[in-house]
Protein chains: 2
Amino acid sequence: MAQSTKDRILDVAEQLFSGHGFGATSMRAITNAAGVNLAAVNYHFGSKDGLVRAIFERRLSPMNEERLRRLRILEQEHGAVIPVAELIKAFVGPALELSRDESAGGARFVRLLGRSYTEPSETVQAAVRSMSGQVIDRFKPAFSAALPELEGEELCWRLHFLVGTLAYCMSGSNMMRLIASGRITEPTEQERLLIRLTEFLAAGIQAPSSEEPVRTPFVVAAGHVRPSS
Amino acid sequence: MAQSTKDRILDVAEQLFSGHGFGATSMRAITNAAGVNLAAVNYHFGSKDGLVRAIFERRLSPMNEERLRRLRILEQEHGAVIPVAELIKAFVGPALELSRDESAGGARFVRLLGRSYTEPSETVQAAVRSMSGQVIDRFKPAFSAALPELEGEELCWRLHFLVGTLAYCMSGSNMMRLIASGRITEPTEQERLLIRLTEFLAAGIQAPSSEEPVRTPFVVAAGHVRPSS
DNA sequence: GTCTATAGGGGGATAGAC
DNA sequence: GTCTATCCCCCTATAGAC
């Protein structure tokens, strides 16, 4: 059950990055806390950026695989048109489940991941983006089929809002404490988060849209007004 | 029209913090870009943390005043029960309007503010929290009155989701590009964001809740079961 | 109010011994 | 694979001249 130097570095770095952010966590802090030598990070990961990428690789890739697996199951059950709430659960569920995995560090990683969506660091952006493209490519058409009344751009915005709400929940923001003002959220209530979040998101993404109905656009040209082809 | 050293530092710091984050922006970078001396930050703001607080003070306080002003107007128009969509617009509007103020740096600040909700830095958390408490204290009862069917804890979560979606939108996340995959969002469409966001949030916050209906709680005591008073 | 100079502490990365 | 030692950089904060 001996844990390798590499794994110890990953675990400790995940914890410190999660608690203080990437920029504010030094390699010295990581190697000290892990009880390994400073040079070990460069040996195993090449650089601090390499370590950051490895951390996302280790947890985000399996999480996204799980999302795709659940989508495939839904496609087998429902065919092309999947109920919206089921799509949301397939997308949101793996993240929230990982966040309950306190002992194995999953919770720490999820906090890190939530923040990474708004992180300015290019390294972090690139890592998350490269591992999330496939998920978007698969889920977006599925949502589109489930929400045929939503015009294309509106759908993009709705998905944007959905990802944003999830990212915020993942980040474990302290603002919840401000809103709840002392009210302690029980662990058992934390388990209701998937239900609460799905109810909110499903209603939001299916909201009636005031988007003007698709009109034939008019083009003004050379003195006369005519419908564009 | 001469801009004081203090204002130049604030403007440049806002821009650099917005682009690279707090931890990754040094005082040297700020003072160089502002064309002022390194020691000027410490003279005018005491420390880097003091500068951070001053930046939030300058923009967040007026923005929150505006939110409260709009809430007061709504209370005069509607009394205690204000339509949910109006409450959302009063809360979200000032932030989105500030984000369109490109020339005066408002847009940069809003990106910064959006990220600050998930920022691990204690200084940032404390600054935002101290300037947002009053807004929460005033809006929460208004939402509660507008949504009497929502049980207390459910309301906290719904507000949490609302703040999260807004924070994500403010942060100007790059993920929108991934979702839209090359589709360019026109400035005119950007102006529709308040409408889109309000539709999404209003539907989400009013979603039917599967929360067990309020039952008379039963108290087990001294051998008999009876409804609690 | 604004500057220079410097104190005093980390930062990431790497060469080379073991 | 792991260590020590070190290079050379940047960091914030402050003392004291102007």
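Chain letters run A, B, ... following the sequence lines, proteins first and then strands; every chain starts at 1. In this text, all values refer to a predicted model and were calculated from it rather than measured experimentally.
- Taking atom CD1 of residue Ile30(A) and atom P of nucleotide dG10(C), one finds them 16 Å apart after rounding to whole Å.
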Could you walk me through whether Tyr117(B) and Leu166(B) pass the side chain to side chain contact (heavy atoms under 4.5 Å, CB included) test, one step at a time? CA-CA 10 Å; Tyr117(B) 285 84; Leu166(B) 176 60; 6.0 Å; no
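- The residues Glu66(B) and Arg70(B) are annotated as salt-bridged, a charged nitrogen and a carboxylate oxygen being separated by less than 4.0 angstrom.
- Straight-line distance from the CG atom of Asn32(B) to the C1' atom of dC3(C): 14 Å, rounded to whole Å.
- One interatomic measurement links the two molecules: CG of Leu51(A) to C1' of dA13(C), which rounds to 14 Å at whole-angstrom precision.
- Nucleotide dC18(C) holds its C1' atom 13 Å from the CG atom of Asn37(A), rounded to whole Å.
- In the set dT14(C), dT2(C), dA13(C), dA13(C) carries the atom at the smallest distance from any side-chain atom of Ser47(A).
- Mapping Ser26(A) and Asn42(A) onto DNA chain C by nearest heavy atom places Ser26(A) closer to the 5' end of the strand.
- Checked by atom type and distance alone, the side chain of Arg158(A) pairs as donor or acceptor with a backbone atom of Ile205(A) at under 3.5 Å.
- A residue-by-residue look at Arg28(A) and His44(A) shows that His44(A) has its nearest nucleotide of DNA chain D further toward the 5' end.
- In the set dT2(C), dA13(C), dA15(C), the nucleotide with an atom closest to the side chain of Thr5(B) is dT2(C).
- Here the P atom of nucleotide dT2(C) and the OH atom of Tyr43(B) are 7 Å apart, to the nearest Å.
- dC7(D) atom P lies 18 Å from atom CE of Met27(A), rounded to whole Å.
- Aromatic ring centres of Phe200(B) and Phe161(A): separated by under 6.0 Å.
- Among the protein residues, Ala40(A) comes within range of no part of the nucleic acid, since none of its heavy atoms lies under 4.0 Å from any strand.
- Remark: P of dT4(C) and CG of Leu38(B) are 10 Å apart, rounded to the nearest angstrom.
- Between the NE2 atom of His20(B) and the P atom of dC10(D) there is a distance of 16 Å, rounded to whole Å.
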